[in-house]
Amino acid sequence: MTKSLQDKRYNEFLSLFARNERAVRGFVRSLLPNWQDVDDVMQEVGLVCWQKFSSFDQTGSPDDFVRWACVIARFEVLRHRRKCARDRLVLSNDVIELLADDAEMRLTRSESERKAVEHCLERLQRPERRLLLSVHTPGDSIAGIAADLGVNARRLYSKVNGLRDLVSECVRQRLAQGDV
Amino acid sequence: MTQRNMTQRIKSLIHAYSVGQISSADFQELERILRIDDAVREQFLHEMSIRAALEDVALEDVAQEDVAFGASDSSAVEEAMGEGDLLSDSLESSVPRNSNSLKWTLAFAAIAATLLMTAYLLLPSGDAKIAKITGLSGPLQWTGNGGRTASTLSVGTELSGGTIEGMSPASWFELEFYDGSTFMISGTSMLTFSEVEQKELFLKSGSFSASVVPQRKPMLVHTRSAVLEVLGTQFEVEADRSETILNVSEGKVRLKRLSDGDSVVVPANHRVVASSDREMSLVPVPAAVHQWKSQLHLGPNRTHGEWSNPTNDEPAKLSAVPYNTKQNKTIYTTALKVSAGDNPPVVLKSNSKIRVRGRLSSEHLIYFGMTLRQPNGEFAGRFQTIRPAENFTAGTEFDILLDLSDYRLDPSLNHVKSRLPDEPFNLIVDTVWCHTLYDQVGLTLTEVELSTPEAESQADE
C-alpha cells in the first residue's frame with residue numbers, strides 16, 4: 001500500500017473511531033466498574049481496531065463499525081479480565097459474556113440514553129448539575145468532595161443519589177416518549 | 001422481600017459495584033442475579049449506561065474549562081507545529097490523538113495510575129476494608145484483625161473489621177459502611193464490628209446509635225444480654241453487663257433476650273429494657289424533661305471516675321481519674337450519664353442552668369462540659385465552659401451555678417463544626433463532665449443538677 005493510501009486509510013479509521021468511540025467506551029464501561037480499567041481496555045481496543053481495520057467492510061451501515069468494534073472490545077475485556085482474575089470485583093467470564101451479548105443488543109438504546117442524559121442534565125439547576133458531574137469525574141469521590149467541602153458525606157451521598165435518580169427517571173421518560 | 005424492596009436492593013448492589021465499594025458477599029449475590037435474570041441485566045446495563053454518560057459529560061466539562069483558560073486545543077497545536085498533520089506516522093500510539101475525549105483519557109490515565117496506588121482494590125483480600133471513619137474526637141483505640149492496634153485515626157481512614165474503644169467521656173467516633181449505614185459511639189464505649197455475610201456489631205460496654213439502610217440480611221447487634229436484628233432503621237442501644245436498653249427512632253428492631261430467648265419487635269418511638277431480672281415490656285419513649293439531679297448515693301452506675309461511698313460526714317463523691325492524650329498530656333476527668341437507661345431524655349432549654357458541687361485539693365481552673373445528642377441519637381457535639389482558678393478555694397467545697405449561654409462548642413470539634421448545632425439548646429444531654437488539665441488537683445464531684453427557673457419556682461412552691 002502506498003503512503004498516501006495508508007494515510008487515507010488511517011484518516012478513515014480515525015474518523016470512524018472518533019465518531020463512535022463514545023459508544024464503544026459505553027459498552028466497555030458496562031462490563032468494567034473501574035474507569036481506569038476502562039481506559040486501559042480502550043487503549044487496547046483502539047490499537048487492535050486499527051490493526052484489524054483492513055478486515056472491516058466500510059460499505060455497510062454506520063452502526064456496523066460500532067458492532068464490529070464492540071466484538072473486539074468484548075475480547076479485550078475478557079483478556080483484561082484474565083489479567084485481573086484475582087482482583088476482588090472481576091465478574092466471571094460467563095457473566096461478562098451475558099452482559100456483552102445484552103449490551104450489543106442495546107447499543108442503539110445506549111446511544112439514546114446518552115443523548116437523553118445530556119438533555120436531562122440541562123434541566124437540573126446549575127449547582128446540582130455541577131455537583132452531580134463532580135462526583136462522576138474520574139479520580140473524584142463523594143467522600144473526597146465531602147471532606148473538601150466540610151459537609152456530611154452521608155448527606156452528600158443522599159443528595160447525589162437523589163440527583164442521579166432524577167436524571168435516570170428523566171431518561172426513562174424521554175425514551176418512553178420517544179423524544180430521542 | 002417485596003418487589004419494591006428487591007428493586008431497591010438490586011439498585012443498591014449495582015450502585016455499590018459501580019463505585020467499587022461492594023462487599024464480597026454482595027458482589028457474589030449481584031453476580032448470581034446477573035447470571036439468571038435478564039431483567040436485572042437490563043437494569044444493570046441501563047445504570048452503567050447512565051453513569052458512562054455522566055462521566056463523558058463530566059470529562060467534557062473539564063476539557064471545556066481548560067479551553068476557556070487557554071489550554072491548547074487541536075487548532076493551536078496545529079499552528080505551533082507548523083505544516084502537516086497532527087498525526088504521527090508512528091503507529092506506536094495506540095489511540096488516535098485528534099479527539100478531545102481521547103486526549104483526556106490519556107491525561108486521566110496518568111492521574112489514575114497514581115490514584116490506584118492508594119485504591120483499596122489493590123489491598124490483599126485478607127485486609128478487606130468495610131467502612132470509613134466519618135467523624136472522631138477525643139482519645140480512641142482501634143484494634144483490627146490480627147490484633148493490630150492504632151490510636152492515631154483520622155476522618156477518611158478506611159477500616160477492616162475490628163474493635164473501637166472510646167477511652168474517655170470526651171471520646172466520639174462515627175463510622176460509615178460502604179452502603180451508607182452509619183454508627184456512632186460516644187464516651188467510654190467499646191464496639192466490635194464486622195461484615196462478612198452480614199453486618200455484625202458487638203457492644204461490649206457503653207452505648208452507640210446507628211442509622212441503617214435496608215439490608216438483604218439483617219444487621220445483628222450483640223450485647224451481653226441480648227441480640228438485635230436490624231433490617232433498616234435508626235436506633236440507639238445502651239448495654240452493660242446485665243441489661244440492654246434499646247430506643248428505636250425509625251423503623252423496627254427485633255430484640256431477643258439471651259437468658260430465655262424471649263423476643264420483641266420494637267417499633268419507632270418505643271424502647272425496651274432487656275435484663276434477666278425484669279419483664280421485657282415495650283413502652284413509648286417517655287416525653288422529655290428539663291431537669292435532672294445526680295444520685296451518687298445510689299452507686300457508681302453510669303458514672304466515670306472513682307466512686308466513694310457516702311459516710312456519716314461526707315456525701316458520696318466521684319473523683320476524677322486520669323487519661324493520657326495523644327500529645328502525652330494527662331487529663332483528669334469525671335463524668336455522669338444523664339439521659340440514659342430507662343430515664344426520660346433530659347433536654348436543655350435556653351434558660352437552663354447547671355449547678356455543680358464538688359471540691360479541689362489545689363486551686364486550678366476547671367472545664368465543665370456536656371455531651372449532647374439529637375433526638376434520633378446522632379451526636380450533637382460537646383459544649384463546655386471554663387472557670388478560672390480564682391473561683392475555687394483549695395480544700396473547700398465549691399458550689400457553682402453555670403449559665404448555658406456561657407457554653408461553647410469544644411474547639412477539638414472545629415473540624416466537624418459545620419455538621420453540628422451552633423448552640424446547645426433543645427438538645428438531649430447525654431453526659432455531663434468536668435476535668436482539669438495536666439496536674440492532679442484532687443477534683444471530686446458530689447452533685448450535679450440541671451434545672452430551669454420555672455422548675456425551681458415550682459419546687460419552691
Side-chain angles (χ1 to χ4, degrees), chain A residues 7 10-11 13-14 17-18 21-22 25-26 29-30 33-36 39-40 42-44 46-47 50 87-89 91-92 94-95 98-99 102-103 106 109-110 113-114 117-118 121 130 132-134 136-139 141-144 147 150-154 157-158 161 164 167-168 171-172, chain B residues 15 17-20 22 24 27 31 34-35 38 41-42 44-59 61-62 85 87 89 91 94-96 98-99 101-102 105-106 108-109 111-113 115-116 119 121-122 125 128 132 134 155-156 176 180 182 211 415-419:
Chain A
D7 286 348
Y10 190 62
N11 288 338
F13 168 75
L14 283 181
F17 194 91
E21 185 265 349
R22 189 174 294 184
R25 170 180 289 276
R29 179 70 174 88
S30 66
N34 183 292
W35 62 268
Q36 174 59 29
D39 282 344
D40 289 347
M42 281 305 293
Q43 297 220 8
E44 293 302 315
L47 179 62
W50 167 241
D87 286 358
R88 200 167 65 88
L89 297 187
L91 291 168
S92 309
D94 63 315
V95 175
L98 284 169
L99 286 170
D102 290 355
R106 69 187 315 280
R109 187 173 176 83
S110 290
E113 284 167 348
R114 187 190 64 75
V117 165
E118 288 180 0
L121 280 173
R130 286 179 72 96
L132 181 58
L133 291 178
S134 67
H136 283 282
T137 302
S141 68
I142 293 178
V151 300
N152 183 305
R154 181 155 48 101
Y157 274 121
S158 298
N161 287 342
R164 195 163 35 232
V167 168
S168 188
V171 167
R172 280 190 201 279
Chain B
H15 168 69
Y17 170 79
S18 68
V19 296
I22 189 170
S24 299
F27 177 69
E31 208 175 39
L34 287 172
R35 194 174 275 123
D38 48 9
R41 284 200 300 277
E42 166 58 28
F44 177 89
L45 291 170
H46 170 76
E47 291 288 334
M48 299 300 268
S49 169
I50 300 293
R51 284 170 194 278
L54 287 168
E55 285 165 7
D56 285 344
V57 176
L59 281 171
D61 272 18
V62 171
D85 205 327
L87 306 168
D89 287 339
L91 294 176
S94 59
V95 190
N98 65 349
S99 156
S101 65
L102 292 169
T105 297
L106 293 172
F108 277 108
I111 296 167
L115 289 173
L116 274 176
L121 284 173
L122 291 181
S125 58
K132 184 178 291 198
T134 50
V155 173
E176 181 173 315
T182 61
S211 178
H415 62 291
V416 289
K417 196 175 173 180
S418 59
R419 297 170 50 180

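Proteins come first, then strands; the chains are lettered A, B, ... in the order of their sequence lines, and each starts at number 1.
Within the 4.5 Å cutoff, the side chain of Arg25(A) has heavy atoms near those of the Asp56(B) side chain. When side chains are defined from C-beta on, His15(B) counts as touching Arg164(A), because their heavy atoms get closer than 4.5 Å.
Among residues two or more places apart in sequence or in another chain, the salt bridge (Lys or Arg N to Asp or Glu O under 4.0 Å) test is passed with Arg109(A) by Glu113(A), Glu42(B). Considering only residues two or more places apart in sequence or on other chains, Asp102(A) meets the side chain to side chain contact (heavy atoms under 4.5 Å, CB included) condition with Arg41(B), Leu45(B).
Most heavy-atom pairs under 4.5 Å with chain A, from the set Leu34(B), Val416(B), Leu54(B): that is Leu54(B). Chain A forms the most heavy-atom pairs under 4.5 Å with one residue out of Thr182(B), Asp38(B), Val155(B), and that residue is Thr182(B).
Annotation: the span from Phe44(B) atom CZ to Leu98(A) atom CG amounts to 12.0 Å, rounded to 0.5 Å. Taking OG of Ser30(A) as the start and CD1 of Ile50(B) as the end, the distance is 12.5 Å to the nearest 0.5 Å.
Pairing each heavy atom of Ala52(B) with each of Gly26(A), the nearest pair is CB-CA, 4.3 Å. In plain terms, the two heavy atoms of Ser49(B) and Arg106(A) that are nearest each other are CB-NH1, 4.0 Å.
Counting only distance, with no hydrogens or angles, the side chain of Glu31(B) and the backbone of Val95(A) share no donor-acceptor pair below 3.5 Å.
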Practice item. Would you check, one step at a time, whether the test side chain to side chain contact (heavy atoms under 4.5 Å, CB included) holds for Val171(A) with His46(B)? Key: CA-CA 10 Å; Val171(A) 167; His46(B) 170 76; 4.1 Å; yes
